[in-house]
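Letters A, B, ... are given to chains in the order of the sequence lines, protein chains preceding strands, and every chain is numbered from 1.
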Amino acid sequence: MAKELAKQYDPKNVEDRIYNFWLKGNYFHAKNEPDKKTYTIVIPPPNITGQLHMGHALDNTLQDILIRFRRMQGYDTLWLPGTDHASIATEAKIVEKMREEGVTKEEIGREKFLERAWDWKEKYGGTIIKQLKKMGSSCDWERERFTLDEGCSKAVREVFVRLYDKKLIYRGNRMVNWCPCCNTSISDAEVEYEEKDSNFWHLLYTVKETGEKLELATTRPETMLGDTAVAINAEDERYKHLHGCHCILPLLNKEIPIVCDEHADMTKGTGVVKITPAHDPNDFEVGRRHNLPVVRTFTYDGHLTGKKEKEEADAYIASGRAAADEPEVLDCGKYAGMTTLEARKAILEDLEKGGYIKYIEPIKHEVGTCYRCHTSIEPMVSKQWFVKMQPLAEPAIEAVEKGETVFVPDRFTKNYLNWMRATRDWCISRQLWWGHRIPAWYCPECGEMTVSREDVKKCPKCGAAVEQDPDTLDTWFSSALWPFSTLGWPENTQDLKHYYPTNTLVTGYDIIGFWVSRMIFSAIEYTGQVPFDTVLIHGLVRDALGRKMSKSLGNGIDPLKIIDEYGADALRLTLATGNSPGNDMRFSDDKVGASRNFANKLWNASRFILMNLGENTELTLPSELAIEDKWVLSLYNNLVKEVTDNLEKFELGIAVGKLYDFIWDIFCDWYIELAKIRLQDGGENADNAKRVLVYVMTGILKLLHPFMPFITEEIWQTLPHEGESIMVSAWPEFNEELCFDSEEAEMDRIMTAIRAVRNRRAEMNVAPSKKAKVYVASSYTDTFSKAGVFMKRLAGASDVEVGSEFDVANSVSIVTADATIYIPMGELIDFAAEKARLTKELEKVQKDLDFVNAKLSNDNFISRAPANVVAAQREQQAKYIEKINMLKESIEKIG
RNA sequence: GGUCGUUUAGCGCAGCUGGUAGCGCACUCGCUUGACGUGCGAGUGGUCACAGGUUCGAGUCCUGUAACGACCACCA
C-alpha cells in the first residue's frame, strides 16, 4: 500500500520517536553472548559539569558510527557510557554557586559540602546524558557508570593500595605546581604555558668575603626572600675565586652560600643564578644536591607567609612527626600577608632603594598557568602523593612499540611515546573535597600512617583514633582505570571476561597525555593487558573561520541548536563528511545545510519508490535483470565492498563520501530516472524495476544507517522489510553474482552519449521541450540499440536510429569515444558556429593524442612501464585517432 | 629550542600502494522534465607553496626552503 509522505523531511517528527522505539526494543543493550565475537568501546566520560559541545558531538558521532556498523555486522557490541566527576571543575562550580549565597566551604564543612556536590550531580549530571541521546548515541544505558560510583571507587582504592605496597606510590615534600586560585596542587599535564610580557630584573648580591657585587637575573623577584644559595658553574673562570664564599641576601641581610652546580649555565646571562628551593623546580633540585635549606615564603593561597605560618610550621617540626625534608617557613615581616603580586612591587621598591637593582630587561616569557582558571601557577614545595612513573611507563612504551595498541593515524604513536618517555612522577593528591579521598590514615599520637582498602578507625600500632588524609585524588587517577573499572574490575566479572580488553578508544589528540597514556600504563599494570587495540584520534572542530571554539571568543556553536534546526542526522553527516583521522575540521551552517539537503534527497527518493510500489513487492531480486539493473547492482555491490573496507580501516569520511556520491549521482540522478521508463510502462517490467529499486534502496539505507540512524530507520520501516529494526538488520555483503562488468561498460558508453547530446543541446540553447531525431553511428550497435528509450527520456530524442554509419544532411554531429551522433536541426543551426565548435574540439583531442603519442614513442616507457599500462595507453591512442577521424569527417560535411 | 602537522579551483576539503587532477559550497546559462527548486540539466574555474632529486612518468616518494598551525620544553 502506497503511503503518503511529506514532500520535505522533517526530523522533528521522527528523531525522538525513533529513539524511544530503539530504547523500547532494548537494541542498545549488550547481551553478553559468550560465543559471539565482541566489539567494545568505552565512552570518554564527559564531565558532569559539561554541556554538549561540538567536540563531544564529533567524538560521539564517530563512536556511534563504529558501534552501529559492528552491531549490524553481528558482533556482540557494547558501547559503555558514563560520566566523570571532574573534581576541580565541579568543585569550582559548586564553590562559585555557594559564593552567590555568601557561604564558603570552610563554613559548612566537608560533609555538608559533599552533600551539596551530590545534589548538584543528581540535578545536573544527567544533562549531558540526555544530550548524547539527542545525538542518537546507541549506548548501553543499563551499564552507565560514574567515576565516583561504588564500583569505580573500589577500583581506585584497590589500585592505590597495590601501588603503595609496591612502593610505586609515595608521599613526600616535592616541587608541585600550585594554583593559588583553585587552592590545590595540579599535575604537570594540567599546566598550560602562555606567553606573557615580563622582565628580567638584574639584581646585585654582595659577596661577603670579597665585597664585590654579583649580578644575577630573575623573573620572579618576589621569591628572593626564600633564597638559600647562589649558584655558579664550577668551570666558570670568572667566578673561580668565589668558591666557598657567601652572599649577603639583600633586605634580609642573611648570609647564604655560593655553591657550584651544573644548573648554572656559563653561556646564559651572567652565569650566576639565585637559588630558591621552595619556589622553583630547578632550584629545588639544586637544593637537594647541595643539601640546602628549603625556605617557604608563600602561603598556599598566594600570600607571603608571616608569623602565624612560621609558628605553625615550627611547632609541627618540633613535634617530631614531620618528615626530615619538611620545609622551613619564613616570617616575611613587613611583606607578610601581601599577595605575591603586591610583594613583588614592594620588594622591588625596597631593592631599588637599597641600590640592588642594576637594570630591568623586558622579555617575553612562557608562564605556566592553571588549565582550569588560567591563574599563574606558583611552583611550591608541598607534601603530596606521587606515582612513580618510570617502572609503569616502561611496559606501556613497549606495548605500543610492539603494536599491541595502535594509534590511528600512526603519527600519534610518536606523540604518545614522547609523552611517555618524558613523563615525570605524577602528583596525584589534590587539596579538594570532591573526589576519591586518599585511603591513608594518620595517627596523631604516634605518627603511624596506614594505607588500606577498608576504612580505618584506630591506629594499628597504638590504638589511638586516626584521621584520614584530607586530600582527594586527581580526577585522572580514576579516569585511568575507566576501561576496566567500568566492567567490574577488580572482580573478575562476566563482563570483564567477555568485553575486555576493549577494541577502540575514540578521542581527541589534546588528551593523549592526560588520559590515553595513563589508561595504557594502568591497564598493563593491573590487568596485564592493554586496554584497547586501537586509539582513533580525531581533531578539533573549529568555527567557519578556522578558529578554536571557545567561551571567551563566544564563537562556540551549540550542537543542540543545530539539531533543532537541521536534525541530528544532518549534524552527524556534517561531522563525518570529510573527516580524516587526526585532522581538525571546520564547521559551518553551509555544511549542515548541505547535509540537510542530502537527507531530504534520500527522503524523496524513498517517497518516489513508495508512491510506485504495489501491494506486495518482493524483497528479492527478479530473475530478469535489465541492463540498467545490472549496472546499478554492480556499482552498488562494489560500494558495499568499499564502504565496508573503509569503515574497517576507520576511514569514516571516505566511506560516507562514497555513499553520498552513489546515492545522489548514481541512484537518484540516473537509476531512478531510467527506472521511470519501465514503471510507466507497467506490467512485469515495472514489477522488476520495483524489486531492484527496493533492493538497492534497502542496501543503501543499511550502509548509511551508522551515519544517519534516524532517517534510515524511518524510511526502512515504511519500505517492505524483514525484521524489527534496521539497526539490528544484517550489514550488506559483497556478492560475486552481482558483478556485471560488461553491463557497466555498456552503460558507460550510453551515459557518455547522453551527456554529450545534452551538452550540445545546452550549448546551442535548444529548448528542452524541443525534441529532435537522433542518429547514433557506432560499432557498438547492440549497446546503442538498447539505449533508444534512454535517449528519448534523457536526451531530448523524439526518435532514435542506430547503425554502423550514417550520412545525415544538415545535421549537428556529436563525437564521443564510441559513437558519432547526428541530430538534424535544419535552420536552427548556425553552421559557421558549428564548424568552429568542431574545430575547437578537434584541436583539443589532437592535443590529447599528442600527449599519448609522446609517451608511446618513448622507448623507455615501452620497455620499463608495466605491460597493462602500455596497453591502456595504446587503447587510448586508438580512441583518439578514431575520434579525430570522425571529427574531421563531420567538419568536411559542413563544408 | 624540540617534535609533528598543514600548504590542491574564489571558499571548505578528498586524492590509498606514483600512470595526463576530483567533491561540496559559491559562480554562469537553461529548466513549473508527475520524488525532491533543500530540485534537474549544462558549464566557468587549478603551471597541486617554492627549489632540487629519484623515476620512462610525481599532487602522490626523497632532500631542502618558506608561510601558517599544534603539541612538548626548567631557559635563571
Side-chain angles (χ1 to χ4, degrees), chain A residues 5 7-9 175 193 200 216-220 231 263-265 268-276 280-285 365-366 368 379 409 411-412 414-415 418-419 422 509-510 512-513 539-540 544 546 548 566 570 577-580 582-588 590-591 593-612 645-646 649 651 653-654 657 660-661 665 668-669 672-673 676 680 755 758-763 765-769 793-796 847-848 851-852 854-855 858-866 868-870 872-873 876:
Chain A
L5 292 177
K7 219 170 170 182
Q8 286 185 352
Y9 174 64
M175 182 58 55
Y193 289 86
F200 272 143
L216 50 83
T218 180
T219 54
R220 297 169 66 225
H263 172 58
D265 186 335
K268 282 176 187 162
T270 55
V272 186
V273 196
K274 72 188 215 33
I275 302 299
T276 324
D280 182 280
N282 291 308
D283 295 2
F284 181 75
E285 296 302 324
H365 190 55
E366 292 284 322
R411 65 174 187 272
F412 289 101
K414 207 163 175 181
N415 186 319
N418 287 343
W419 197 91
Y509 54 67
D510 49 335
I512 293 175
L540 258 42
K548 218 170 180 169
Y566 298 93
T577 300
N579 183 285
S580 61
N583 289 353
D584 291 353
M585 64 185 305
R586 297 191 191 194
F587 192 93
S588 66
D590 284 357
K591 289 186 181 180
S595 300
R596 186 264 325 264
N597 293 354
F598 177 73
N600 194 51
K601 185 76 183 170
L602 189 71
W603 180 254
N604 276 290
S606 75
R607 202 161 71 94
F608 171 79
I609 293 172
L610 283 167
M611 284 168 66
N612 283 284
D645 194 44
N646 289 136
K649 292 196 296 200
E651 297 166 341
I654 295 173
Y660 184 101
D661 289 345
D665 301 340
C668 292
D669 287 349
I672 287 183
E673 292 308 316
K676 282 176 182 172
Q680 281 166 14
R755 286 199 193 96
R758 284 170 170 173
N759 172 344
R760 182 55 55 86
R761 288 176 57 111
E763 273 183 355
N765 290 321
V766 179
S769 53
R793 177 136 198 132
L794 302 178
K847 244 187 188 167
D848 289 343
F851 187 88
V852 177
K855 252 187 181 179
N858 181 342
D859 288 343
N860 278 326
F861 176 73
I862 302 291
S863 57
R864 300 198 193 190
N868 61 327
V869 173
V870 177
Q873 291 295 320
Q876 196 64 250

Nucleotide G57(B), atom C1' - distance to CG of N860(A) in whole Å: 10 Å

Euclidean distance, atom NZ of residue K847(A) to atom C1' of U47(B) [Å, nearest integer]: 13 Å

Secondary-structure string, 5' to 3', Watson-Crick or G-U under 3.5 Å, | for another-strand partners, for RNA chain B: (((((((..((((.....[..)))).(((((.......))))).....(((((..]....))))))))))))....

Rounded P spacing from G12(B) to A66(B) in Å: 24 Å

Distance test, side-chain N/O of Y660(A) to OP1/OP2 of A14(B), below 4.0 Å: no

Flag side-chain contact, heavy atom, 4.5 Å: V870(A) against I862(A): yes

Interatomic distance where CD1 belongs to I862(A) and P belongs to G19(B) [whole Å]: 18 Å

Close side-chain approach of P379(A) and R220(A), heavy atoms under 4.5 Å: yes

Sugar-phosphate only, base, or nothing, as touched by F412(A) at under 4.0 Å among non-hydrogen atoms: nothing

Distance, P atom - from G59(B) to A9(B), rounded to whole angstrom: 15 Å

Interatomic distance at P, G2(B) relative to A73(B), whole Å: 16 Å

Listed partners of E285(A) passing side chain to side chain contact (heavy atoms under 4.5 Å, CB included), at least two apart: R288(A), R289(A)

Protein-nucleotide distance (N646(A), atom CG; A14(B), atom C1'), rounded to Å: 12 Å

Minimum side-chain heavy-atom gap R758(A)-L794(A) below 4.5 Å: yes

Contact nearer the 5' end of RNA chain B, comparing F200(A) with W419(A): W419(A)

Side-chain donor-acceptor contact under 3.5 Å, Q8(A) with R596(A): no

A594(A) side-chain proximity, nearest of C74(B), G24(B), C29(B): G24(B)

Side-chain donor or acceptor of N858(A) paired with backbone N/O of A854(A) under 3.5 Å: no

Side-chain donor or acceptor of K591(A) paired with backbone N/O of R586(A) under 3.5 Å: yes

Protein proximity profile, nucleotides 1-13 of chain B - base contact B, sugar-phosphate-only contact S, no contact -, cut-off 4.0 Å on heavy atoms: --SSS------SS

P atoms of A21(B) and G45(B), separation to the nearest Å: 15 Å

K676(A): partners by salt bridge (charged side-chain N to carboxylate O under 4.0 Å, His left out), with sequence neighbours left out: E673(A)

Distance in angstrom units between D510(A) CG and A70(B) P, rounded: 13 Å

Interatomic distance at P, U28(B) relative to G69(B), whole Å: 34 Å

Euclidean distance, atom CG of residue L540(A) to atom P of G69(B) [Å, nearest integer]: 15 Å

Sugar-phosphate only, base, or nothing, as touched by N858(A) at under 4.0 Å among non-hydrogen atoms: sugar-phosphate

Euclidean distance, atom CD1 of residue I654(A) to atom P of G24(B) [Å, nearest integer]: 17 Å

Sugar-phosphate only, base, or nothing, as touched by P866(A) at under 4.0 Å among non-hydrogen atoms: base

Pairwise side-chain contact, Y9(A) with L602(A), heavy-atom cut-off 4.5 Å (strictly under): no

Touch class at under 4.0 angstrom, heavy-atom based, for A422(A) against every strand present: nothing

Letter per nucleotide, 5' to 3', of nucleotides 34-42 of chain B [B base touched, S only sugar-phosphate touched, - untouched; heavy atoms, 4.0 Å]: -BB-BSSSS

Side-chain heavy atoms of Y660(A) within contact of T577(A), under 4.5 Å: no

Side-chain donor or acceptor of N604(A) paired with backbone N/O of N600(A) under 3.5 Å: yes

Pairwise C1' distance, G15(B) and C23(B) [rounded to whole Å]: 10 Å

Nearest-angstrom distance from the residue atom CD1 of I275(A) to P of A76(B): 13 Å

Residue pair Y509(A) / D584(A), side-chain donor-acceptor N/O under 3.5 Å: yes

Qualifying residues under salt bridge (charged side-chain N to carboxylate O under 4.0 Å, His left out), relative to K649(A), sequence neighbours excluded: D645(A)

Integer angstrom distance from the C1' of A14(B) to that of U55(B): 26 Å

Gap in Å between the two C1' atoms, one belonging to C31(B) and one to C68(B), rounded: 45 Å

